[in-house]
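Read through the structure below, which is laid out as structure tokens, and then see the notes.
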There are 2 protein chains.
Amino acid sequence: MDIPSGVTARKRISESTIHRLSRYFRTLSLLERENFETVSSKELAKREKLTPSQVRKDLSFFGSFGTRGLGYPVAELKAKVSKILGIDRVWRVALVGIGNIGSALVSYKEFIKQGFHIVKLFDNDQRKIGSNHKGIIVSDIKNLRTELQDDHIEMVIVAVPATVAQYIVDDVVKAEVKAILNFAPVNLKVPSGVHVRNENMEMELEYLSFAMVNNHSPKGVGKD
Amino acid sequence: MDIPSGVTARKRISESTIHRLSRYFRTLSLLERENFETVSSKELAKREKLTPSQVRKDLSFFGSFGTRGLGYPVAELKAKVSKILGIDRVWRVALVGIGNIGSALVSYKEFIKQGFHIVKLFDNDQRKIGSNHKGIIVSDIKNLRTELQDDHIEMVIVAVPATVAQYIVDDVVKAEVKAILNFAPVNLKVPSGVHVRNENMEMELEYLSFAMVNNHSPKGVGKD
DNA sequence: ATACTCATGTGAAATGCTTCACAATTTATA
DNA sequence: TATAAATTGTGAAGCATTTCACATGAGTAT
């Protein structure tokens with residue numbers, strides 16, 4: 001088959017597949033540090049609590065990266081996965097809202113590690129505007145649109161209160177930014193073509209709560 | 001059918017259904033504040049970008065809460081959903097690791113709103129131990145196990161570096177805590193019966209990145 | 001060489017999830 | 001009271017995702 005990693009592929013890759021690729025990427029980085037030359041779908045599956053066939057199927061959507069009898073070359077596969085995910089480059093990210101969550105995200109190591117560079121900060125609080133966070137001066141949110149454009153920002157993280165999130169996002173959209181990661185607990189409206197993902201931390205606590213109350217055990221992990 | 005909310009129900013509720021219940025809960029709270037008496041599956045679906053049948057099917061797993069011709073009574077449905085999710089009560093939560101993320105979570109409003117009360121904090125840093133965060137004195141992580149037990153903690157949020165997360169979790173497990181929300185970028189090992197959910201913030205950025213690079217548009221939203 | 005083992009890649013089968021379509025029930029209206 | 005409109009609850013159909021199973025190829029040992 002041999003699909004040029006994620007460009008021509010037109011078979012609707014599912015959201016879960018993409019999420020699993022993220023997980024593979026992290027595990028491959030780890031395996032690389034542990035000096036593994038190759039890794040089998042079995043080993044990868046074990047580490048991620050998946051089935052080996054799932055791993056193979058996921059990867060096979062994008063090409064054929066392994067060697068029969070041997071497995072996948074770790075470094076190479078990692079490079080391929082990072083290319084598929086589009087993280088084989090740097091993304092210029094702006095963060096709006098320097099509150100509790102926002103401040104935490106500025107120094108969040110995993111973002112940088114994967115090429116997400118927060119290069120602009122915005123807030124509406126006069127006490128914060130002009131202050132320095134990890135080397136970045138906080139801008140006035142009034143200039144959001146123009147500064148996003150002037151600085152060629154490609155992604156925006158929204159970490160403002162629910163009440164103002166939509167206004168912010170309207171501006172972000174006007175600045176032609178096509179990707180938004182939203183931490184505010186609201187459903188944002190954006191025109192088609194703009195991607196929004198919501199980070200909803202209480203959801204996972206709720207899942208735990210549900211699981212406890214209902215004795216809900218995770219799906220049994222099979223063999224191959 | 002009439003299943004006594006989530007106790008006898010044995011039909012394997014999918015993870016997505018639970019996550020959607022979380023979303024319904026949030027929207028129902030909003031509708032309540034907007035003084036809606038009732039809401040139709042159509043309206044709920046519109047707000048969540050789902051199909052009305054999806055909404056009805058999700059709810060019908062747990063009983064029959066609506067009235068034909070009218071819709072669902074908002075307040076009542078909200079109460080039912082919160083019971084299903086197990087958030088019609090207070091959960092005693094401990095937070096381990098008062099770093100960037102940890103500090104942000106201590107004051108995270110959405111947790112409290114939904115009954116997740118962070119009542120204990122732990123860290124290993126002498127400068128932090130004994131200090132006061134939002135009225136809670138930070139405990140020494142050395143006493144993790146005993147204090148979790150003495151204080152009847154039911155859930156633990158892990159916000160420590162990847163390198164130490166597993167050690168923390170081993171202790172948490174010894175303290176008989178059955179629910180863990182993990183922010184550390186590692187796959188934790190726990191015995192069966194212990195629930196772990198991972199909060200993986202870079203995953204959503206990666207999804208955005210993938211979507212941008214591949215022109216991946218969200219699945220078309222249908223009507224009913 | 002030959003046989004044996006390991007492990008990928010992939011159609012086909014199995015399973016799971018979502019949407020359809022409609023009977024049933026309620027409210028509103030004349 | 002009859003008719004029309006709204007909307008639920010749910011089997012069945014339609015799709016999507018996961019798992020199975022096996023042909024195929026690579027490495028290893030004798």
Side-chain angles (χ1 to χ4, degrees), chain A residues 1-3 9-21 23-24 31 36-74 76-77 80-81 216 218-224, chain B residues 1-3 9-21 23-24 31 36-74 76-77 80-81 216 218-224:
Chain A
M1 205 177 252
D2 190 37
I3 291 162
R10 280 296 69 112
K11 214 201 248 175
R12 268 230 77 70
I13 304 303
S14 77
E15 176 167 326
S16 352
T17 296
I18 304 308
H19 280 326
R20 281 192 300 269
L21 286 184
R23 292 163 60 189
Y24 301 152
L31 285 165
F36 280 71
E37 288 276 305
T38 59
V39 63
S40 64
S41 58
K42 196 174 162 195
E43 173 67 18
L44 218 36
K46 197 182 119 207
R47 297 198 177 215
E48 295 296 344
K49 295 222 186 84
L50 300 167
T51 62
S53 355
Q54 176 89 84
V55 173
R56 295 201 297 275
K57 190 65 98 183
D58 283 341
L59 297 175
S60 77
F61 284 133
F62 302 97
S64 132
F65 308 131
T67 310
R68 285 160 202 241
L70 237 197
Y72 300 90
V74 171
E76 209 178 306
L77 183 59
K80 298 272 186 179
V81 171
H216 201 264
K219 210 162 100 193
V221 178
K223 296 137 292 147
D224 205 30
Chain B
M1 207 178 247
D2 191 36
I3 291 162
R10 281 297 67 113
K11 214 201 249 178
R12 267 229 78 70
I13 305 303
S14 77
E15 178 169 322
S16 351
T17 296
I18 304 308
H19 281 326
R20 281 192 300 267
L21 287 183
R23 292 163 59 188
Y24 301 152
L31 286 165
F36 280 70
E37 288 275 305
T38 58
V39 63
S40 64
S41 59
K42 197 174 162 194
E43 173 68 17
L44 217 36
K46 197 182 119 208
R47 296 199 176 215
E48 296 296 345
K49 295 221 186 87
L50 299 168
T51 61
S53 355
Q54 177 88 82
V55 173
R56 296 201 296 277
K57 187 66 95 184
D58 282 340
L59 296 174
S60 77
F61 284 133
F62 302 96
S64 123
F65 308 131
T67 308
R68 285 160 202 242
L70 236 197
Y72 300 90
V74 172
E76 209 178 306
L77 183 59
K80 298 273 186 179
V81 171
H216 201 264
K219 210 163 101 194
V221 180
K223 298 135 290 148
D224 204 30

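Residue numbers start from 1 in every chain, and the chains themselves are labelled A, B, ... in the order their sequence lines are given, proteins ahead of strands.
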Pairs under 3.5 angstrom, nitrogen or oxygen only, protein versus nucleotides 27-30 of chain D, please.
none

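For the pair B:Leu50 and B:Tyr24, the minimum side-chain heavy-atom distance is below 4.5 Å. A heavy-atom distance below 4.5 Å is found between the side chains of A:Leu21 and A:Leu59.
Summary of the strand contacts: A:Thr17 and B:Ser40 both lie near DNA chain D, and taking for each the nucleotide with the nearest heavy atom, the more 5' one is attributed to B:Ser40.
Checking D:dT10, C:dG9, D:dT19 against the side-chain heavy atoms of A:Arg56 singles out C:dG9 as nearest. Checked against C:dC17, C:dG9, D:dT19, the side chain of B:Ser14 finds its nearest nucleotide in C:dC17. The side chain of A:Ser53 lies closest to D:dT19 when the candidates are D:dT19, D:dG9, D:dA12.
The distance between atom CZ of A:Phe65 and atom P of C:dT10, rounded to the nearest whole Å, is 11 Å. Whole-Å rounding puts the A:Lys42 NZ to C:dT5 P distance at 14 Å. Following rounding to the nearest Å, B:Gln54 (CD) and D:dT8 (P) show an atom-to-atom distance of 14 Å. Protein atom CZ of A:Phe61 is 15 Å distant from nucleotide atom C1' of C:dT8, rounded to whole Å. Between B:Leu77 atom CG and D:dT7 atom P there is a gap of 15 Å when expressed in whole angstrom units. Residue A:Asp58 contributes atom CG, which lies 12 Å from atom P of C:dG9 at whole-angstrom precision. Atom CD in B:Glu43 sits roughly 11 Å away from atom P in D:dT8 (whole-Å rounding). Rounded to whole angstrom, the span from the CG atom of A:Leu59 across to the C1' atom of C:dT10 amounts to 13 Å.
In this structure, B:Arg20 reaches the C:dT18 phosphate: one of its side-chain N or O atoms is under 4.0 Å from OP1 or OP2. Between B:Tyr72 and D:dG9 there is a side-chain N or O to OP1 or OP2 distance below 4.0 Å.
Contact annotation for B:Ser41: backbone-only contact, meaning every heavy-atom pair under 4.0 Å involves sugar-phosphate atoms and none involves a base. Across all strands, A:Lys57 comes closer than 4.0 Å to base atoms (heavy-atom distances).
Here the straight-line distance linking atom OG of A:Ser14 with atom NE2 of A:His19 works out to 9.5 Å at 0.5 Å rounding. A distance of 6.5 Å separates OG1 of A:Thr17 from CD of A:Gln54, quoted to the nearest 0.5 Å.
Cation-pi check for A:Arg47 over A:Phe36 is met; the charged atom lies under 6.0 angstrom from the ring centroid and within 45 degrees of its normal.
Scanning for side-chain contact (heavy atoms from CB on, under 4.5 Å) contacts around A:Glu37 gives an empty result, with sequence neighbours left out.
In this structure, A:Arg23 contributes its side chain and A:Glu48 its backbone to a donor-acceptor pair below 3.5 Å.
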